[in-house]
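Notes for the one structure printed next.
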Amino acid sequence: MALDRSFFEMPTLELCLHLLGKELTHDGVGGYIVEVEAYMGPHDRAAHSYGGRRTKRTEVMFGPPGKAYVYTIHQQHCLNVVSGKEGHPEAILVRALQPTKGIEKMMERRGRADNLTNGPGRLCQALGITKAQYGWDLLESPLRIGPGIPVKRVAVGPRIGIENTGEARHYPWRFWIDGNEHVSRTRKAQKIIEL
DNA sequence: ACTTTGATGGCCT
DNA sequence: GGCCATCAAAGTT
């Protein structure tokens, strides 16, 4: 059963739990989402929309949820799912996938056979995601999120790579499938959520 | 036009 | 776990 619009209208932290296990594909190449991070908008110092910053880059986050927010950093692309209510610039960073489809294509794009999708930049490279996909609708475009596998145990901990954001560095807004081999970095979980 | 700063990845120990 | 290359975006002048 396909997802519908209301799926993306869930509160951001709740949507994080529901995104885990769903299948993300671009032109049929992709895998199950196994790791995400929430970026909670104007009051989240680690978010690009901190302070309500509204620029050409962050604009899509101010619109309706369910769209792709793609940005570049260190010559890499990162994919976020726009979440929350329209006018509230929140998003969820997709940090890792468990490859399911088009693995040959991924190896070709990555130029190697391992570490295909265990990181936000790596998975974008493997799936061929660039700023060309900025703003694409994740229900009705070649870049889409669909049904996947059930998830039992979700691990929770602080987000990665935001050490210079004051108190925000400690917020428990990173979620991953407990024990999954494709998570970008192994770290001890602060707590486990049983679904 | 110039300066600062990374929501990283790859490789090293 | 640590180091750092390298460039686009954002902010500043």
Side-chain angles (χ1 to χ4, degrees), chain A residues 12-13 15-17 19-20 24 26 31 33-62 65 67-84 88-99 106-136 138 143 145 154-177 180-190:
Chain A
T12 298
L13 295 177
L15 181 57
C16 282
L17 299 179
L19 279 174
L20 293 173
L24 168 70
H26 182 214
I33 296 171
V34 300
E35 179 187 354
V36 298
E37 285 177 358
Y39 286 86
M40 299 298 286
H43 302 292
D44 177 5
R45 190 165 154 192
H48 291 163
S49 54
Y50 176 62
R53 185 192 296 147
R54 187 167 187 164
T55 63
K56 184 176 179 182
R57 179 174 69 149
T58 63
E59 183 61 32
V60 72
M61 288 194 279
F62 287 81
K67 311 277 181 146
Y69 166 44
V70 183
Y71 70 91
T72 59
I73 184 164
H74 288 100
Q75 300 168 263
Q76 316 287 332
H77 296 282
C78 292
L79 170 69
N80 296 246
V81 177
V82 173
S83 63
H88 295 248
E90 301 171 12
I92 298 169
L93 173 67
V94 181
R95 286 193 56 91
L97 303 178
Q98 174 179 327
M106 293 188 204
M107 292 192 294
E108 179 185 321
R109 289 183 176 132
R110 291 274 296 129
R112 56 195 296 163
D114 62 339
N115 295 322
L116 294 177
T117 56
N118 55 343
R122 291 167 178 169
L123 74 89
C124 283
Q125 191 180 359
L127 270 59
I129 296 169
T130 69
K131 285 199 296 182
Q133 282 73 44
Y134 182 94
W136 283 21
L138 296 168
L143 179 62
I145 292 175
V154 174
V156 183
R159 296 171 291 180
I160 303 293
I162 55 159
E163 326 308 329
N164 57 345
T165 59
E167 284 303 304
R169 66 181 293 177
H170 303 301
Y171 298 165
W173 290 343
R174 177 183 182 223
F175 305 88
W176 67 96
I177 296 179
N180 189 277
E181 308 258 320
H182 301 274
V183 167
S184 66
R185 292 184 59 179
T186 53
R187 269 192 181 179
K188 187 177 179 183
Q190 287 179 326

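What's counted below: heavy atoms across the whole structure, side chains too, no hydrogens, waters or symmetry copies. Sequence lines set the chain letters: A, B, ... in the order given, protein chains first and strands last, and positions in each chain run from 1.
Following rounding to the nearest Å, Asn115(A) (CG) and dG10(B) (P) show an atom-to-atom distance of 7 Å. Rounded to whole angstrom, the span from the CD1 atom of Ile73(A) across to the C1' atom of dC4(C) amounts to 14 Å. Protein atom CG of Asn118(A) is 13 Å distant from nucleotide atom P of dC11(B), rounded to whole Å. For the pair Lys56(A) NZ and dG11(C) P, the interatomic distance rounds to 15 Å; values are reported in whole Å. In this structure, Gln75(A) atom CD and dT5(B) atom C1' are separated by 14 Å, rounded to whole Å. Note: CG (Leu123(A)) to P (dA7(B)) measures 16 Å, nearest angstrom. If you take CG of Asp114(A) and C1' of dG10(B), they are 11 Å apart, rounded to a whole angstrom. Going from atom CG of Leu116(A) over to atom C1' of dG10(B) covers 15 Å, rounded to whole Å.
Counting only heavy atoms from C-beta on, Arg53(A) has its side chain closest to dA10(C) among dG9(B), dA7(B), dA10(C). Residue Thr55(A) has its side chain nearest to dA10(C) when only dC7(C), dA10(C), dG1(C) are considered.
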request  = Test Tyr39(A) against His48(A) for ring-ring contact (aromatic ring centres under 6.0 Å, His included), laying out the working first.
outcome  = CA-CA 8 Å; Tyr39(A) 286 86; His48(A) 291 163; 7.2 Å; no
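For Glu163(A), the CD atom is densely surrounded, since the number of other residues' heavy atoms within 6.0 Å is greater than 12.
One finds a side-chain N or O of Arg112(A) lying less than 4.0 angstrom from the OP1 or OP2 phosphate oxygen of dC11(B). Here Arg45(A) does not reach the OP1 or OP2 of dA7(B): none of its side-chain N or O atoms lies under 4.0 Å away. The phosphate of dT8(B) has neither OP1 nor OP2 within less than 4.0 Å of any side-chain N or O from Arg185(A). At the phosphate of dG6(B), OP1 or OP2 sits under 4.0 Å from a side-chain N or O atom of Asn164(A). Taking 4.0 angstrom as the limit, Thr72(A) places none of its side-chain polar atoms (N or O) nearer than this to OP1 or OP2 of dA8(C).
Both the sub-6.0 Å distance and the 45° axial angle are not jointly satisfied by Arg159(A) relative to the ring of Tyr171(A).
In the model, Glu90(A) has no side-chain atom that pairs as donor or acceptor with a side-chain atom of Ser83(A) under 3.5 Å. Between the side chains of Gln125(A) and Arg110(A), a donor-acceptor pair is found at a separation under 3.5 Å. A donor atom on one side chain and an acceptor atom on the other are not found under 3.5 Å apart for His43(A) and Tyr50(A).
Glu37(A) comes within 4.0 angstrom of nothing in the nucleic acid, heavy atoms only. Note on Arg57(A): only backbone sugar-phosphate atoms sit closer than 4.0 angstrom, heavy atoms only; bases stay farther off. When heavy atoms are screened at a 4.0 angstrom cut-off, Leu93(A) is found touching base atoms of the nucleic acid. Arg187(A) comes within 4.0 angstrom of nothing in the nucleic acid, heavy atoms only.
For the pair Ile145(A) and Leu24(A), the minimum side-chain heavy-atom distance is below 4.5 Å.
A salt bridge links Glu59(A) with Arg54(A): at least one charged nitrogen is closer than 4.0 Å to a carboxylate oxygen.
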task = Dot-bracket notation for DNA chain B is requested: 5' to 3', Watson-Crick or G-U wobble pairs only, both distances under 3.5 Å, with ( ), [ ], | and . as defined.
result = ||||||.|||||.
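Sequence order on DNA chain B of the closest nucleotides to Gly161(A) and Arg110(A) puts Gly161(A) first from the 5' end.
For dA7(B), the base has a donor-acceptor partner in the side chain of Tyr71(A) [N/O atoms by modelled type, under 3.5 angstrom]. At a cut-off of 3.5 angstrom, counting only N and O atoms as typed in the model, there is no donor on one side facing an acceptor on the other between the side-chain of His74(A) and the base of dA8(C).
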